[in-house]
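A quick write-up on the structure given underneath.
It should be emphasised that the depicted structure is a prediction, and the values quoted were computed from it without experimental measurement.
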Amino acid sequence: MLRRTNHICSSFPLDQSKTGLFVGGSSVRRKLPQRIFLELQCERIGLSRGGNVWQICDLRRRAWRLQSSLVNEKACQYQPGQNIHGFTVKEVVGVPDLFITAVKLTHDQTGAQYLHAARDDSNNLFSVQFRTTPLDNTGVPHILEHTVLCGSKRYPCRDPFFKMLDRSLSTFMNAFTANDYTMYPFSTQNGKDFQNLLSVYLDAVFFPILREQDFCQEGWRLEHEDPTDLNSPLMFKGVVFNEMKGAFSDNERVYAQHLQNKLYPEHTYSVVAGGEPLAIPDLTWEQLKEFHATHYHPSNARFFTYGDLPLEQHLEQIQEEALSKFDRVTANTEVPPQSLWSSPREAHVTCSPDALAPDPARQHRLCVSYLLGDITDTFEGFTLNLLSSLMISGPNSPFYKALIEPEIGSDYSSVVGYDGSTREASFRVGLQGMAEEDAEKVKQIISQTIDDIVETGFPEERIDALLHEIEIGLKHQSANFGLSLASFIASSWNHGGDPVELLQINDSVDKFREALKENPRFLQDKVKHYFKENPHRLTLSMSPDEAYLEKQAKAEEEKLQKKINALSEGDRKEIYEKGLQLLAAQSCPPDASSLPSLKVSDIAPTVPVTPVQIGTAGGVPVQYCEQPTNGLVYFRAFCSLNTLPEDVKLHVPLFCNVITNPHFKDEERMRALVKMSAQELANGISYSGHMYAMTRAGRHLTPAAELNEAFDGMEQVKFMKSIAETSDLSRVIRMLPRIKKHLLNPANMRCAINTTPQNMSDSSAQLESFMKEVAVNSKVRRPVRTNIIEVSYQTGPTIKAEYNFKPCQMKTIFQLPFPVNFVSEAIRTVPFSHEDNASLRILGRMMTSKFLHGEIREKGGAYGGGARMSGGLFSFYSYRDPTPVQTLSVFRRGVDWAKSGQFSQQDIDEAKMSVFSSVDSPVSPANKGLDGFLTGVTDEMLQDHRERLFAASHRSLVEVAERYLGAGQRTCGVAVLGPGSETIKKDPSWIKK
């Protein structure tokens, strides 16, 4: 498992990006998918593993291959030198391992680069990226990324991107600011929708209006706390300003940012591309416009398209609507190589204490970082990435044994392994959750481990296993493959690397095998060159400072006062008037009539049916689903928790983490795993606080929500912290076999297999054998929750209803050392099968786009907010929010708005479009048919729900708002994570954690 820090900031958080995923900060990235993957969440275990190479035998598979070959054959007809709508074809290359034909082109007039990846995939993707290289900490590329999305020449309405979320069937829409580039991607399965979104994207990036008012809203501004009250205090406001305050409340992000800035002290990597909060107020509107003029030009652009739509259509539209209006310029945006050091360096920084750290006395971090080679050298990058995995990944890796097993720290440092997101790559290794006095010891261990690797190398079987994982990874098909490709090639292509060469992974594998054959010490020589003999290395340590947040607040106050003291009376009057003008603009419904849109009639009326067969293996119900999985076999087992005693329930996630570890009875290894899990949970709160808030808010409202809090909420975070602090783990270790006996019991299981028709028979036989082994030590156990009623469906799954569950209302605040908050209110409503569920789902989306977005993000300055219907709960949320009490009031006013019916049929239709884009999002072959298997929701139920979504009306939306969301009818829970407010702290009705 590799981790890397990309410092990516996105324009749309959470559900507003149509992905449910916000990309940013320090995150875990799996570069090489595991051959065997096992997870258990709540009541399910999933297992996938590689199978035999797929032989194309049956007619359906032949048809799939024929269609695929037609898409690729069309692309293969292009010839180098051929001119298509102002573009010249440079190269046409087949990448059979990925079922892709790559076409490289250059725009004649501007020099813009273009790559098209033709593939039989209806989820077509477009992206355009610009090399953006700021030289200060004001966050100009990040604020520009937000501001270009606020209106353009052809589409002058305010926030056209947010409006398009409800006028499109896109499967992904967002924008990202990375260290040295800004990317604008979207994907959709509808051809007309692709043209609509392409038009909006092109106009946004090349012809934005860049109004001063939008710069103030999205970037920063001085404004009265109450814009309508001239006597209220002035304060800093702005979406990006608050976003970055939230980002820098994450110690992982703080550490990773310092590490990059200090390892690359020259040029653009020495600054914070997303913006350092106290530097953001130094950016001017004029500087923003100048940065756009010098960086957002076609001569500095790279276009990427993917899928089965015709390339000519894309090129014609891009030429006519954008590129024909520009001439070639020299874009001075190159990143020069970092000057190499003659000797290693050390540095120390501070951070805020972590109240949820596994061991409060051990919060020191230390990492050694090495500057590597240029990422445009594809083979060298491949080799170093693979070498990084051998060095740090898995319990048998040298650094795991040297650093993790001795329990010097709780986990690897938050940035670890190979990072190819900068022009010159780096490798980082170290620890977090360690004692400060162990710093020298850790440095010595790192140095000694590198010496040991140079001396002894790696076992041949580990190298072979890693190469096999790569081969398996090439076969795996994801639902958003185009987006994965765009992200994969972005950094290298940004600096002149060959994106096609990057995609030819098997060529690198073959070259690697040959290099290892010619020189058995090939990898050891690399370690010696890049690590042992490399003077350009940085040792960065970080420790908590009890006064850290106080110092940050003081620095912000001093910055604010300096700005205020420089104001004249005329300035103060202008600030007040601009505040009122912005408030008026935010309160005025935008005219979106210029934007293109699909219609509800464009949505398919029926649910596509996925054929499955039901059988048994070892007496266990099995669902078989034949899919074009590229020869891989995907296996999942669902295990009921209904016989599991209450006293072991909280241990289930830990069991899931260690079930594949043969050493879980070894207390020392178990302690290392526990500390790593506790550290990762604690680190994730500042990044996913909205999810924790929503989970906590719903805790006492439904049985499923109660389990969700126990397994994935703050209750689990605190539980794992308590285990990590326990000196004796023997009791915990004794719990795990108990859980295993209850869960891995044929009487409590059902299974699903997705694979090709050719592999199905063999897979079924293997499953039969596996279930017999499981049954050897199992016995029938009585349910411990006798009030749960199980209803069987013909397909095998069961639906459970706990009729004696008593919901209750509760307000909880987790007072955490963040500068911003995560807020949620959850209301108990109805399950998926209820006739009102569909209307509530439409209502949640409509409230988000038509009311909550404007109030929470635009006026309130939070990074994001909205409402959604899921799991029988109608949940409101906000993300990185400076005003929690105001937001809770907004939630209530949102209900009043819905009950008043102040929305149009067009508003309803747009909400339907957005909901259906989620409902009809692409599903990978590995996951086809799993809805019914995991949830008991049959195709018939899905069709009924679909028809209710279509039928949702103005009347039904008002009725469900009154019936379920009104103050007198609702049973709700509220949760806040963060500093809260004085009002909350003084209110005795809140439970303080």
Side-chain angles (χ1 to χ4, degrees), residues 70-95 98 100-119 121 124-131 154 181-188 191-192 194-207 295-331 333 376 482-483 485-486 488-490 492-504:
L70 289 175
V71 172
N72 286 277
E73 282 176 9
K74 171 65 176 175
C76 286
Q77 292 175 4
Y78 300 118
Q79 297 296 321
Q82 181 180 353
N83 190 275
I84 312 170
H85 299 297
F87 289 82
T88 297
V89 177
K90 296 296 182 181
E91 188 178 8
V92 181
V93 181
V95 188
L98 301 178
I100 282 173
T101 299
V103 184
K104 289 173 63 177
L105 309 98
T106 301
H107 187 248
D108 301 333
Q109 191 169 320
T110 65
Q113 299 179 45
Y114 196 111
L115 177 65
H116 178 67
R119 192 173 190 258
D121 188 344
N124 288 266
L125 177 126
F126 165 86
S127 79
V128 59
Q129 70 179 66
F130 303 93
R131 187 161 55 210
R154 187 174 179 184
Y181 67 85
T182 305
M183 176 187 285
Y184 296 83
F186 73 78
S187 60
T188 179
K192 176 61 177 174
F194 190 98
Q195 292 179 314
N196 290 347
L197 290 169
L198 180 57
S199 181
V200 173
Y201 267 63
L202 291 173
D203 212 56
V205 298
F206 290 115
F207 311 108
H295 289 76
Y296 278 51
H297 190 282
S299 299
N300 191 43
R302 289 157 180 80
F303 294 87
F304 176 69
T305 49
Y306 162 90
D308 61 3
L309 289 176
L311 170 61
E312 294 96 329
Q313 177 181 296
H314 303 332
L315 298 179
E316 182 178 14
Q317 186 174 355
I318 292 170
Q319 166 70 355
E320 289 184 0
E321 296 187 14
L323 301 195
S324 62
K325 301 172 176 61
F326 293 88
D327 293 317
R328 188 187 298 254
V329 300
T330 300
T333 60
T376 61
L483 181 62
L485 288 183
F488 180 63
I489 66 175
S492 178
W493 195 18
N494 190 49
H495 297 288
D498 185 347
V500 176
E501 185 180 62
L502 206 62
L503 297 177
Q504 295 172 313

Between Tyr201 and Ser127: side-chain donor-acceptor atoms closer than 3.5 Å: no
Side chains of Trp493 and Gln129, donor plus acceptor under 3.5 Å: no
If every non-hydrogen atom of [X] is compared with every non-hydrogen atom of [Y], which pair is closest and at what distance?
X: Tyr78; Y: Gln82; answer: CA-OE1, 3.3 Å
X: Ala331; Y: Asn300; answer: CB-CB, 3.7 Å
X: Ala75; Y: Thr101; answer: CB-CG2, 3.6 Å
X: Val500; Y: Ala102; answer: CG2-CB, 3.8 Å
X: Leu503; Y: Leu98; answer: O-CD1, 3.7 Å
X: Val89; Y: Gln79; answer: CB-O, 3.4 Å

Identified ring-ring contact (aromatic ring centres under 6.0 Å, His included) partner of His314 from the options Phe194, Phe303, Phe126: Phe194
To the nearest 0.5 Å, what is the distance between [atom1] ([X]) and [atom2] ([Y])?
X: His85; Y: Leu323; atom1: NE2; atom2: CG; answer: 13.0 Å
X: His297; Y: Phe206; atom1: NE2; atom2: CZ; answer: 8.5 Å
X: Asp108; Y: Arg328; atom1: CG; atom2: CZ; answer: 8.0 Å
X: Glu312; Y: Lys74; atom1: CD; atom2: NZ; answer: 4.5 Å

Gln109 (side chain) donor-acceptor with Phe326 (main chain) under 3.5 angstrom: yes
Donor-acceptor contact below 3.5 Å, side chain Lys325 vs main chain Gln319: no
Student check: side-chain heavy atoms of Arg154 and Phe207 closer than 4.5 Å: no
Contact check, side chains of Leu202 and Ile318, non-hydrogen atoms, under 4.5 Å: yes
Tyr184 and Tyr296 aromatic ring geometry - parallel, tilted or perpendicular at 30°/60° bounds: perpendicular
